[in-house]
Amino acid sequence: MDEVISVLVSRKLVQGEKVEKLENELSQYMSVKECIAVTNGTSSLHLILIALGIGYGDEVIIPAFSYIATANVVELVGAKPIFVDINIESFNIEKNQIEAKITSKTKAVMVVHEFGLSADVQEIKKLCDGFGLFMIEDAACALGAKEEGVHVGTIGVAGSFSFHPRKAITSGEGGCIVTNDSDLASRLRALRNHGIDPNDKTKNEFICAGFNCRMTDFQAVLLSSQLKRLNESLKRKNQIARIYQSHITNPSIKLPVASQNKIHAWQTFHILLNQSKKQKNIIEMFSAKGIGVNYGAQCIPTQKFFLEKYRHDVIKEFPNAMRAYQCGLAIPIYEMLTDEQVSFLVDEINGI
Ligand SMILES: *Cc1c(COP(=O)(O)O)cnc(C)c1O
């Protein structure tokens with residue numbers, strides 16, 4: 001908060017040295033060449049698609065189960081989202097079903113590291129390379145997550161992060177893009193700032209039709225200070241996840257899995273209820289007790305706009321995405337939860 005006030009006093013509010021400092025800290029944290037801070041985790045995805053030249057007539061493969069923004073940005077550039085079902089263990093895109101959806105129009109696979117767990121990106125990257133496709137990473141939920149020791153978001157052509165309050169670190173609204181491709185980074189910097197050439201600071205040359213997706217410096221300092229505590233926070237969430245995994249013994253609940261070669265960021269601890277339990281009733285029942293539980297993400301092809309436009313036979317085409325949408329429950333996981341609170345939650349969940 002002191003840092004925020006010092007930014008306000010300095011009167012340099014937008015896209016200044018605090019934003020640049022944050023970008024350097026984030027690229028160092030993830031061992032990636034470039035970081036571009038933007039307004040939120042939807043604009044970051046949107047800008048990536050535009051910077052890669054994806055638009056009308058193109059197809060982008062995405063998981064059927066994610067936050068809606070993943071699909072909206074594909075629509076907004078005029079491309080067609082091609083949905084692939086998820087794996088019910090990981091809640092991530094079913095990698096074995098991707099290849100069958102590739103056509104001559106496919107330009108990219110946009111993977112989502114759902115709930116903070118890497119989506120087998122090393123393997124999907126190989127598949128994309130074989131077909132000459134971009135792999136884009138929607139890592140909105142996955143700051144700090146790794147696969148085989150490498151930070152997610154840095155494996156594909158570009159990775160997108162969100163700093164919404166629901167994510168690991170927050171500036172209210174905020175997001176960033178990371179990439180090892182400096183030309184792409186340069187195009188993204190132009191798109192973020194009205195199309196101004198980022199490589200020529202002396203002239204205000206407008207080299208493309210850009211947006212205003214700049215971050216403010218008072219947001220940047222909020223993120224810089226939280227980034228210092230991120231590893232502590234991830235450690236605590238990992239502890240809580242382990243307690244849940246060993247103490248939730250309710251046979252009508254399926255627990256999320258963590259893999260050997262991955263570091264889970266545990267942005268969300270997402271359990272699956274037995275079909276006989278009513279998700280809505282449980283959310284209401286817990287809410288009455290002051291416990292915040294909610295469904296985890298949407299089965300996107302069933303949402304009004306996408307259903308009316310594409311008319312997918314969702315039950316048949318995306319059974320796992322439907323199951324995760326209808327039976328999934330995100331239970332509390334955040335660093336400030338005490339052990340007593342966690343054991344109270346364990347008892348409540350075992351009582352479902
Ligand atoms: C949160 C989220 C977004 C959107 O991020 P905003 O910063 O809210 O725009 C996109 N994709 C996924 C998977 C998310 O969880």
Side-chain angles (χ1 to χ4, degrees), residues 19 22 26 35-50 60-77 81 83-84 86-87 90-93 108-121 124 135-145 151-153 155-156 158-178 188 191-192 211-216 219-220 222-223 226 237 256 264-270 294-301 303 305-306 321 324-325 328-330 333-334:
V19 170
L22 171 71
L26 284 165
C35 176
I36 301 104
V38 293
T39 38
N40 57 62
T42 304
S43 54
S44 49
L45 291 171
H46 194 187
L47 295 192
I48 291 169
L49 292 174
I50 293 171
V60 178
I61 292 175
I62 61 170
F65 181 73
S66 176
Y67 186 58
I68 197 89
T70 310
N72 283 345
V73 292
V74 176
E75 287 289 333
L76 288 170
V77 298
F83 298 103
V84 170
I86 56 162
N87 179 291
S90 66
F91 303 112
N92 280 323
I93 192 163
V109 176
M110 189 146 88
V111 297
V112 180
H113 305 297
E114 197 57 51
F115 304 137
L117 179 68
S118 172
D120 292 326
V121 265
I124 296 173
M135 185 179 81
I136 301 165
E137 294 177 74
D138 181 351
C141 305
L143 185 63
H151 275 275
V152 302
I155 299 153
S160 163
F161 292 87
S162 164
F163 304 127
H164 180 269
R166 196 173 165 175
K167 321 294 179 177
I169 61 174
T170 183
S171 45
E173 299 287 358
C176 78
I177 303 161
V178 295
L188 288 163
L191 284 169
R192 156 179 78 174
F211 294 82
N212 174 1
C213 290
R214 294 177 305 229
M215 182 183 273
T216 65
Q219 288 174 305
L222 285 171
L223 294 166
Q226 290 166 76
K237 285 200 248 181
H264 200 316
W266 292 116
Q267 122 117 17
T268 300
F269 195 91
H270 188 254
N294 211 339
Y295 67 91
Q298 289 95 18
C299 177
I300 300 175
Q303 305 307 306
F305 170 77
F306 293 95
Y325 178 48
L329 209 57
I333 188 162
Y334 53 95

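Order of listing sets the numbers, starting from 1, for every ligand and every atom in it.
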- request: Can you spot which of Lys237, Glu114, Arg166 makes a side chain to side chain contact (heavy atoms under 4.5 Å, CB included) with Thr268?
  value: Arg166
query: What atoms of ligand 1 come within less than 4.0 Å of a heavy atom belonging to Ala140?
result: 2 (C), 3 (C), 10 (C), 11 (N), 12 (C), 14 (C), 15 (O)
- prompt: Hey, does Glu173 come in under 3.5 Å of ligand 1, counting only N/O atoms on both sides?
  reply: no
Test ring-ring contact (aromatic ring centres under 6.0 Å, His included) applied to Phe91 - qualifying residues, sequence neighbours left out: Phe115, His270
Heavy atom of the protein closest to atom 13 (C) of ligand 1 (residue, atom name, distance): Asp138 OD2, 3.4 Å
- prompt: When rounded to the nearest 0.5 angstrom, what distance separates CG in Asn72 from CG in Leu45?
  reply: 10.5 Å
message: Checking contacts here: is it the side chain or the backbone of Ser43 that comes within 4.0 Å of ligand 1, counting heavy atoms only? Could be both or neither.
response: neither
- line: Ranked by distance from atom 9 (O) of ligand 1, the top protein heavy atom is Thr42 OG1, 2.6 Å
query: Any idea which part of Arg166 is under 4.0 Å from ligand 1, heavy-atom wise: side chain, backbone, both or neither?
result: neither
- line: The closest protein heavy-atom partner of atom 2 (C) of ligand 1 is Lys167 NZ, 2.8 Å
- prompt: Taking everything shown except Tyr67 itself, do over 12 heavy atoms lie less than 6.0 Å from its OH?
  reply: no
Per-atom contacts of ligand 1 with Ala69, taking only distances under 4.0 Å to non-hydrogen atoms: 10 (C)
- request: Determine the sole option in Ile61, Val74, Ile48 for which the side chain to side chain contact (heavy atoms under 4.5 Å, CB included) test with Met110 is passed.
  value: Val74
- request: Check side chain to side chain donor-acceptor pair (under 3.5 Å) between Thr39 and all other residues, then give those that pass, not counting sequence neighbours.
  value: Ser43
- prompt: Between Asn40 and ligand 1, which part of the residue brings a heavy atom under 4.0 Å of the ligand: side chain, backbone, both or neither?
  reply: both
- prompt: Numbering the atoms of ligand 1 from 1, which are under 4.0 Å from a heavy atom of Cys141?
  reply: 15 (O)
- prompt: Taking atom OG1 of Thr70 and atom CG of Asp138, what is their separation to the nearest 0.5 Å?
  reply: 4.0 Å
Thr170 side chain vs Phe163 backbone, donor-acceptor pair below 3.5 Å: yes
- prompt: With a 4.0 Å cut-off on heavy atoms, does His113 reach ligand 1?
  reply: no
message: Considering Ser160, Gly172, Ser162 one by one, which has a heavy atom nearer to atom 7 (O) of ligand 1 than any of the others?
response: Ser162
field: Under-4.0 Å heavy-atom contact with ligand 1, by part of Val112 that carries it
entry: side chain
message: Which of the numbered atoms in ligand 1 are under 4.0 angstrom from any heavy atom belonging to Ser66?
response: 13 (C)
Asn92 side, atom CG; Asn87 side, atom CG - distance, nearest 0.5 Å: 8.0 Å
